[in-house]
Structures are given as structure tokens and as C-alpha cells.
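It should be emphasised that the depicted structure is a prediction, and the values quoted were computed from it without experimental measurement. Atoms within a ligand are numbered from 1 in the order they appear, just like the ligands themselves.
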Amino acid sequence: MLQAIADIVREAGEIVRSAGNIAAKTHEKTSAADLVTEYDVAVEAFLKERLLALVPDAVFFGEEEALQGDPAKGWTFIVDPIDGTTNFVRGYHQSGISVALAKDGAVEYGVVYDPAKEEMFTAQRGKGAFLNGQPIHVSDKPLSQGIFIMGTAIYNREYLQPTMCLTTQLFARSCDFRRFGSAALDLCYVACGRGELFFEYSLSPWDYAAGSLIVTEAGGVASTLEGAPLPILSRCSVWMCNKVNREVLRELKV
Ligand code: IPD
Ligand code: CA
Ligand code: CA
């Protein structure tokens with residue numbers, strides 16, 4: 001199943017790689033900070049058709065389409081066709097295709113693919129996490145020797161103040177931080193040890209469903225900023241880190 005999903009996602013990556021005239025195919029959803037391109041829609045349509053052919057009785061929960069069915073029961077695909085749309089539109093080549101397959105509300109398979117770098121992150125519950133077929137693990141660095149990756153919760157601007165407050169606290173304890181603009185890839189970077197920790201005050205299930213399994217299967221820890229398990233249906237805050245830094249969250253003013 002994992003290989004079949006990854007093969008479909010790799011094919012979808014070709015739509016992203018061959019995209020042209022992106023600016024003319026970009027539209028504002030709710031504001032200039034909230035964009036959708038015709039490629040987001042095309043990738044999601046491609047994934048929907050191919051993934052539902054693979055698991056015909058699954059519910060499809062994609063960012064660009066209203067949810068039909070009950071994701072708490074049976075199989076559910078949770079899909080972000082292009083995570084990092086602003087990066088895609090602006091030519092940063094830092095975007096991921098994120099697909100999770102959950103059973104009865106728990107993610108069993110996670111695939112995140114960066115079509116530009118051709119990096120395929122995969123995980124199956126209980127079977128470890130991989131980058132292009134090679135096992136990956138979170139780092140063993142404490143934050144004092146590490147970097148953290150953060151997101152700015154762009155669609156929920158009321159979190160600006162707490163985001164900056166947490167960034168200041170973590171920066172004081174670390175070497176540096178990064179803001180890459182694709183939460184799904186950010187999580188994979190924690191999973192493979194490119195960063196020690198990630199946080200964002202508000203993400204949707206399609207941003208973190210696949211990445212959270214990849215992080216935990218790589219030996220990391222995933223929760224909300226309140227320390228609760230990540231829900232499968234609703235927006236929430238997200239915290240992920242390697243094991244060494246698992247106590248850091250409790251020491252912070254969140
Ligand atoms: C966004 C990216 C970004 C994060 C936002 C997400 P989108 O996803 O993951 O890094 O900060 O919160 O919504 O809109 O590009 O799919
Ligand atoms: Ca996203
Ligand atoms: Ca998206």
C-alpha cells in the first residue's frame with residue numbers, strides 16, 4: 001500500500017514540476033496571503049481519482065474540496081495537493097505533496113514528496129520512516145546545539161503575538177531557526193534530523209497528517225502545543241521534536 005501511494009504521489013509530482021505560467025493560473029482564496037493555483041486543483045483531482053481507485057471505499061479529505069463522508073470511520077485519505085503554495089507561486093521550489101491514509105481516525109500511512117528535490121518521505125505505522133527508501137531518524141541534538149523550524153499560522157493572524165513570543169524563547173535556547181513555508185516538509189526535516197523541533201500555532205490536518213506519522217516513526221514526538229494528541233479533523237497547533245527535546249515544551253510560556 002505504501003509503495004502504491006508513493007508511486008501515485010510521484011506521478012502527481014510531474015504536474016508540479018512541469019507547471020508553467022503559474023502567475024496567470026493563481027487566484028486569491030480569501031486574501032493575497034491565501035492563494036490557490038490551477039495546479040493545486042489539478043494535483044488534487046489527479047490524486048483523488050488515483051487514490052480512490054486504489055482504495056475505493058475510502059473517504060477523500062483534500063484541502064481544495066469539501067469533505068464528503070465520515071473520516072472517523074474506515075479508510076480516509078487526507079491530502080494537501082501542494083503544501084507551500086506561496087513558495088510554488090513565487091518560484092522558491094520548496095513545496096510538498098502530502099498524502100496520509102488513516103484507518104478509523106488513526107494515520108497508518110504517510111507520504112510527503114518534494115517534486116523539486118525529488119525527496120520522497122514515507123512511513124507506515126510500526127514500520128519506520130524513510131527518505132527515498134533509506135531509513136531516517138530524528139537527531140539526538142539538544143536544542144542548545146540545534147535549530148528549530150517554525151510556521152507563522154498565516155491564515156490565523158491572531159496568533160502573530162504568541163508565535164513571535166515562542167520564537168523569541170526558542171531562539172534564546174537554540175543556534176538558529178528557519179521558516180521554509182511548507183509545514184509538511186518542515187515535519188519531514190525534523191524526522192530526518194535537519195532540524196530538532198517544529199512548531200506552528202494553527203495548521204490543518206492535511207498539513208500535518210502525513211508528516212506527523214513520519215516524525216513519530218522516525219523516533220520523534222508529536223502533539224499540539226497544549227500537549228494533546230493531534231486531531232484528524234480540525235485545525236490545531238502543532239509541536240514536533242526529537243526525543244531529547246521532549247521536555248522543552250513544558251518549560252516554555254506558550
Ligand atoms: C501552508 C504552509 C505554510 C504554513 C501554513 C500552511 P499551504 O500550507 O504549510 O508553511 O505556515 O500554515 O497553511 O496553504 O501552502 O498549503
Ligand atoms: Ca498546506
Ligand atoms: Ca495546500
K.L.:
Is I82 close enough to the Ca ion (ligand 3) that one of its N, O or S atoms comes in under 3.0 Å?
P.N.:
yes
K.L.:
E63 heavy atoms, cut-off 4.0 Å: which ligand 1 atoms fall inside?
P.N.:
16 (O)
K.L.:
So if I count the atoms of ligand 1 from 1 in the order they appear, which ones are less than 4.0 Å from some heavy atom of G181?
P.N.:
2 (C), 3 (C), 10 (O)
K.L.:
Measure from the side-chain N and O atoms of N156 to the backbone N and O of E158, and report whether any donor-acceptor pair falls under 3.5 Å.
P.N.:
no
K.L.:
Just give me the atom name: the N, O or S atom of D83 closest to the Ca ion (ligand 2).
P.N.:
OD1
K.L.:
Closer than 4.0 Å to some heavy atom of L203 - which atoms of ligand 1 meet that?
P.N.:
12 (O)
K.L.:
Distance under 4.0 Å to a non-hydrogen atom of D80: what atoms of ligand 1 satisfy this?
P.N.:
16 (O)
K.L.:
Starting from the Ca ion (ligand 3), look over the N/O/S atoms of E63 and name the nearest one.
P.N.:
OE1
K.L.:
Going by atom types alone, do T85 and D40 pair a side-chain donor with an acceptor below 3.5 Å?
P.N.:
yes
K.L.:
Given the rule in the side-chain hydrogen bond (donor to acceptor under 3.5 Å, both in side chains) test, do S139 and N242 qualify, once you have shown the distances and angles that lead to the verdict?
P.N.:
CA-CA 6 Å; S139 84; N242 62 13; 3.0 Å; yes
K.L.:
Do side-chain atoms of N87 reach the backbone of Y92 as a donor and acceptor pair under 3.5 angstrom?
P.N.:
no
K.L.:
Should the pair Y159 and Y201 be assigned to parallel (<30°), tilted (30 to 60°) or perpendicular (>60°) ring geometry?
P.N.:
parallel
K.L.:
For K29, give me all partners under side chain to side chain contact (heavy atoms under 4.5 Å, CB included), at least two apart in sequence or on another chain.
P.N.:
D34, V36, E63, E64
K.L.:
Could you work out, for atom 13 (O) of ligand 1, the closest of F88, Y159, F180, Y155 by heavy-atom distance?
P.N.:
Y155
K.L.:
Could you pull out the atom name of the N/O/S atom in D80 that is nearest the Ca ion (ligand 2)?
P.N.:
OD2
K.L.:
Among the N/O/S atoms of D207, which is closest to the Ca ion (ligand 2)? Give the atom name.
P.N.:
OD1
K.L.:
Is a side-chain N or O of Q124 found less than 3.5 angstrom from the main chain of L2, in a donor-acceptor match?
P.N.:
no
K.L.:
With atoms numbered from 1 as shown, which atoms in ligand 1 lie under 4.0 angstrom from a non-hydrogen atom of D83?
P.N.:
1 (C), 2 (C), 7 (P), 8 (O), 9 (O), 15 (O), 16 (O)
K.L.:
List ligand 1 atoms under 4.0 Å from I82, heavy atoms only on the residue side.
P.N.:
16 (O)
K.L.:
Among all the protein's non-hydrogen atoms, which is closest to atom 7 (P) of ligand 1, and how far away is it?
P.N.:
G84 N, 3.7 Å
K.L.:
If the plane angle is over 60° it's perpendicular, under 30° parallel, otherwise tilted; pick one for F177 and F171.
P.N.:
perpendicular
K.L.:
Return a yes/no value for I154: is any of its N or O atoms, backbone included, closer than 3.5 angstrom to an N or O of ligand 1?
P.N.:
no
K.L.:
Is a donor on one side and an acceptor on the other found under 3.5 Å between the side chain of D7 and the backbone of A4?
P.N.:
no
K.L.:
Indicate, as side chain, backbone, both or neither, the part of R179 found under 4.0 angstrom from ligand 1 when only non-hydrogen atoms are considered.
P.N.:
side chain
K.L.:
Would a distance-only check, ignoring hydrogens and angles, find a side-chain to backbone donor-acceptor pair under 3.5 Å from D207 to S98?
P.N.:
no
K.L.:
Can you list the atoms of ligand 1 that are under 4.0 Å from a heavy atom of S182?
P.N.:
9 (O), 10 (O)
K.L.:
Can you list the atoms of ligand 1 that are under 4.0 Å from a heavy atom of A183?
P.N.:
2 (C), 9 (O), 10 (O)
K.L.:
With side chains defined as the heavy atoms from C-beta onward, is the minimum distance between F88 and T26 less than 4.5 Å?
P.N.:
no
K.L.:
To the nearest 0.1 Å, how far is atom 4 (C) of ligand 1 from its closest protein heavy atom, and which atom is that?
P.N.:
E200 OE2, 3.3 Å
K.L.:
For the backbone of L143 and the side chain of S174, can you confirm whether one donor and one acceptor N or O come within less than 3.5 Å of each other?
P.N.:
no
K.L.:
Report yes if A153 has an N/O atom closer than 3.5 Å to an N/O atom of ligand 1; otherwise report no.
P.N.:
no
